Amino acid sequence: MSTSVNPNSQKNLKNSTPINNKPPRNVASPIAPFVIYFGIGFVLASAIFMLIQSKIALNSMVVTVISVIVAAFIATFKFTKQQKRSMTSNEMNRLAISGTLLVWGLTAIYLLAVWFWLLDDISREVLIDMTRAQPMPLIVAFVVMIMVTAISARLGLWAFNRLLSVKP
């Protein structure tokens, strides 16, 4: 007794999934490499704007927003190129928060470097006295800058994710 094997039926068996197996869960990809790309983009854009500001006076908030948007473009471009898909909303939120924390961590390092290497004792005392005299405007400005950075990071990631989305 010979059994004939239909080649089409074997192809169908290879493409079908077993009944007991569940479809794979959509596991979020690690965001850390893309946070690094975000930081690199922010540092590059900030360095370029520092050079531009030596010739033309620019608003610091506008410079921060544009630098964050450039960083969001670089991170989104790298994500879509490496992952071959668009970011999910959860990934965009995680990247926006992580990118904001990284940007302000880098800013804190920059300010500490300026504080210790460029300012003398008299300049430090003047800044400390000014801060003690009216701390609320500084705190409000700091919170506003953090919010502007976070919002521009999220909007930049969303916009570039839509523009660079991978079409199936």
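Worth saying up front: this structure is predicted, and the values here are computed from it rather than measured.
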Practice item. Walk me through it: do V140 and M136 pass the test side chain to side chain contact (heavy atoms under 4.5 Å, CB included)? Key: CA-CA 6 Å; V140 169; M136 275 315 276; 4.3 Å; yes
**Study point:** Criterion side chain to side chain contact (heavy atoms under 4.5 Å, CB included) on R85 and T88, from CA distance to verdict
**Key:** CA-CA 9 Å; R85 64 178 178 87; T88 64; 4.0 Å; yes
Review point. Hey, mind stepping through F34 and R94 against side chain to side chain contact (heavy atoms under 4.5 Å, CB included) and telling me if it holds?
Key: CA-CA 11 Å; F34 306 107; R94 287 176 30 215; over 6 Å; no
Practice item. Please step through side chain to side chain contact (heavy atoms under 4.5 Å, CB included) for the pair L101 and S98, ending with a clear verdict. Key: CA-CA 5 Å; L101 291 175; S98 301; 5.8 Å; no
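If you run side chain to side chain contact (heavy atoms under 4.5 Å, CB included) between M87 and each of L157, T80, L164, only L157 comes through.
For D121, the salt bridge (Lys or Arg N to Asp or Glu O under 4.0 Å) partners at least two apart in sequence or on another chain are R124. In this structure W115 satisfies the ring-ring contact (aromatic ring centres under 6.0 Å, His included) test with no other residue, sequence neighbours excluded.
Cluster membership for L119 and L112, using ILVMFWY side-chain heavy atoms within less than 4.5 angstrom, is shared. Hydrophobic cluster membership differs between L102 and L111, with clusters built from Ile, Leu, Val, Met, Phe, Trp and Tyr side chains linked at under 4.5 angstrom. Residues V126 and I128 fall into different hydrophobic clusters, defined by Ile, Leu, Val, Met, Phe, Trp and Tyr side chains chained together at heavy-atom separations under 4.5 Å. Linking ILVMFWY side-chain heavy atoms closer than 4.5 Å, directly or via other members, places F38 and L163 in a single hydrophobic cluster. By the rule that hydrophobic residues join a cluster once side-chain heavy atoms approach within less than 4.5 Å of another member, F42 and I97 end up as members of separate clusters.
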All N/O donor-acceptor pairs, side-chain side in residues 55-75, below 3.5 Å, sequence neighbours left out:
{"residue": "N59", "atom": "OD1", "partner": "M61", "partner atom": "N", "Å": "3.1"}
{"residue": "T64", "atom": "OG1", "partner": "S60", "partner atom": "O", "Å": "2.9"}
{"residue": "S67", "atom": "OG", "partner": "V63", "partner atom": "O", "Å": "2.8"}

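Between F142 and W104, the ring centre distance stays below 6.0 Å.
Between the CG atom in N93 and the CD1 atom in I31 there is a gap of 10.0 Å [rounded to 0.5 Å]. For the atom pair M50 CE and I52 CD1, the distance stands at 12.0 Å (nearest 0.5 Å). Note that CZ of F79 is 9.5 Å distant from CE of M92, once rounded to the nearest 0.5 Å. Remark: Q134 CD to D129 CG distance equals 12.5 Å, nearest 0.5 Å. Of the inter-residue distances, the one linking S89 atom OG with W158 atom CH2 reads 11.5 Å to the nearest 0.5 angstrom. The OG1 atom of T100 lies 9.0 Å from the CG atom of L95; values are rounded to the nearest 0.5 Å.
For I122, the CD1 atom is loosely surrounded, since the number of other residues' heavy atoms within 6.0 Å does not exceed 12.
Scanning both residues, D120 and S123, for their nearest heavy atoms gives OD1-OG, 2.7 Å.
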